[in-house]
Protein chains: 2
Amino acid sequence: MVTKRLLKGLPEDADLRRADSLAREIFSDVANKWALLIIEALGERTLRFSELRGEVEGISHKMLTQNLRMLERNGLVDRKVHPTVPPRVEYTLTEPGRALRTAVDALCGWTHQHLAHIERARGRFDA
Amino acid sequence: MVTKRLLKGLPEDADLRRADSLAREIFSDVANKWALLIIEALGERTLRFSELRGEVEGISHKMLTQNLRMLERNGLVDRKVHPTVPPRVEYTLTEPGRALRTAVDALCGWTHQHLAHIERARGRFDA
DNA sequence: CTGCATCCGAATCGATACTG
DNA sequence: CAGTATCGATTCGGATGCAG
């Protein structure tokens, strides 16, 4: 299976070990709340920093810049700076970023589909 | 879109607001590295605590119990205790947990498919 | 407007020790 | 074997101030 190497590590080959640690690094970057919500917010659109901040409920200035830098570094978002005053910076998903959307959509969809079930499970557990 | 409410909050209706904050809570629980890797490790199998620890590369005893408790609380994993000595505790995905697997699989698959691209993007960015 | 730096409290995490 | 508790250390995250 394609996901195996994310789970049981320690391959013999040095190249495989490198690829594997890289995979886990990327997975850690991407599998976090804010990164995923930013991806979802961008979707097919191009948004400015301030617009993005309005779209992602509850994110702080700092977390937004931090995660945008990380996503840019990994080549998931494209950052375009317009040399105007005041500055205008636009963010757009790259091709890999858009590819990631299917996974994020699935996650968001799953969340909403199981709201009721989870709420009931919590009630039972907390008792 | 089904994911909208995860992004721009502040619905007028009180019930909608509650459902929305619950959704964000669940999303925060689930959208984290360890939770997703545990789901992926379990898959269709039933695993003991110690086996699980061996499958999820690099997870600590503490993180594993912590995340298992959280997943159990949300009704994503089933915890079965065998009253033997030494104790034997088995974990299995519930139906909602298995449903989540499609999203996790997509995420893991995406990671491996874009390894090379991301590595190159990083090289450019870090320069 | 965007982004960087800084401070500081809060949350996370790993390591260790201890119980049934 | 599985789980809990505790303790430092690191990281996270929000708030604020300053610069381009």
Side-chain angles (χ1 to χ4, degrees), chain A residues 9-10 21 24-38 41-42 45-74 76-93 125-126, chain B residues 7 9 21 24-38 41-42 45-74 76-93 125-126:
Chain A
L10 297 331
S21 94
R24 270 199 293 277
E25 211 178 304
I26 295 172
F27 191 82
S28 303
D29 271 0
V30 157
N32 89 58
K33 179 181 159 182
W34 292 130
L36 295 181
L37 287 178
I38 290 172
L42 275 176
R45 299 178 289 174
T46 291
L47 293 178
R48 307 181 52 172
F49 181 87
S50 46
E51 293 170 330
L52 213 32
R53 203 179 160 189
E55 293 290 328
V56 181
E57 179 67 20
I59 196 169
S60 69
H61 186 125
K62 186 184 181 178
M63 284 302 98
L64 184 53
T65 46
Q66 207 165 88
N67 279 276
L68 281 173
R69 241 23 105 237
M70 179 272 285
L71 292 173
E72 186 192 358
R73 179 170 118 91
N74 288 323
L76 305 196
V77 305
D78 180 56
R79 178 168 177 268
K80 174 141 195 188
V81 183
H82 295 79
T84 59
V85 42
R88 176 187 187 86
V89 184
E90 295 182 327
Y91 293 92
T92 315
L93 288 184
F125 186 92
D126 294 343
Chain B
L7 296 175
S21 95
R24 270 200 291 277
E25 210 177 304
I26 295 171
F27 191 82
S28 302
D29 272 359
V30 157
N32 89 59
K33 180 182 161 182
W34 293 129
L36 295 181
L37 287 178
I38 290 171
L42 275 175
R45 301 178 289 174
T46 291
L47 293 179
R48 307 181 50 172
F49 183 87
S50 48
E51 294 170 329
L52 212 31
R53 199 174 166 194
E55 292 290 328
V56 181
E57 177 68 19
I59 197 170
S60 69
H61 186 126
K62 186 182 180 180
M63 283 302 97
L64 184 53
T65 44
Q66 208 165 87
N67 278 277
L68 281 173
R69 244 16 110 239
M70 178 273 285
L71 292 173
E72 187 192 358
R73 177 169 121 91
N74 288 322
L76 305 197
V77 305
D78 180 57
R79 178 168 177 269
K80 173 140 194 189
V81 183
H82 295 78
T84 60
V85 41
R88 176 187 189 84
V89 183
E90 295 181 327
Y91 294 92
T92 315
L93 288 184
F125 186 91
D126 294 343

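We use all heavy atoms of the structure for the numbers below, so side chains are in, but hydrogens, waters and symmetry mates are not. Below, chains carry the letters A, B, ... as their sequence lines are ordered, and counting in each starts from 1.
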Arg48(A) bridged to Glu51(A) by N-O distance under 4.0 Å: no

Identify which nucleotide among dC7(C), dG3(D), dT2(C) has an atom closest to any side-chain atom of Lys62(A), counting heavy atoms from C-beta outward. dC7(C)

Can you tell me the distance, in whole Å, between the CG atom of Leu68(B) and the P atom of dT4(D)? 11 Å

Check Met70(B) against Ala35(B) and note the closest heavy-atom contact, atom names and distance. CE-CB, 3.9 Å

In whole angstrom, what separates Leu52(B)'s CG from dG3(D)'s P? 10 Å

Any idea which heavy atoms bring Val77(B) and Tyr91(B) closest together, and the distance? CG2-CD2, 4.4 Å

So, does Asn74(A) use its side chain to make a donor-acceptor pair with the main chain of Leu76(A) at under 3.5 Å? no

Carboxylate-amine/guanidinium proximity below 4.0 Å for Glu90(A) and Arg88(A): yes

Run the side chain to side chain contact (heavy atoms under 4.5 Å, CB included) test on Leu37(A) and Phe27(B) for me, step by step, so that the C-alpha distance in whole Å, both residues' side-chain angles and the decisive distance to 0.1 Å come before the verdict. CA-CA 10 Å; Leu37(A) 287 178; Phe27(B) 191 82; 3.7 Å; yes

Could you check Arg53(A) against Arg48(B) and say which one's nearest nucleotide on DNA chain D is further toward the 5' end? Arg48(B)

So if I take residues 78-90 of chain A and measure heavy-atom distances to DNA chain C, which residues fall below 4.0 Å? Arg79(A), Pro86(A), Pro87(A), Val89(A)

Ile59(A) atom CD1 is separated from dG13(D) atom P, nearest whole Å, by 9 Å

Rounded to whole angstroms, how far apart are CG on Leu64(A) and P on dG14(D)? 11 Å

Tell me whether Asn32(B) contacts the main-chain N or O of Asp29(B) through its side chain, where contact means a donor paired with an acceptor under 3.5 Å. yes

Phosphate OP1/OP2 of dT4(D): any Thr65(B) side-chain N/O under 4.0 Å: no

Can you find a donor-acceptor N/O pair under 3.5 angstrom joining the side chain of His61(A) to the base of dG14(D)? no

Using a cut-off of less than 4.0 Å, is there contact between a side-chain N or O of Tyr91(A) and OP1 or OP2 of dG3(C)? yes

Nearest whole Å is fine: how far is dG13(D) P from Lys33(A) NZ? 8 Å

Gap between atoms CG and C1', on Asn32(B) and dT11(D) respectively (whole Å): 15 Å

Over how many whole Å does the gap from Trp34(B) atom CH2 to dC13(C) atom P extend? 9 Å

Distance check needed: dG14(C) P versus Asn67(B) CG, whole Å only. 10 Å

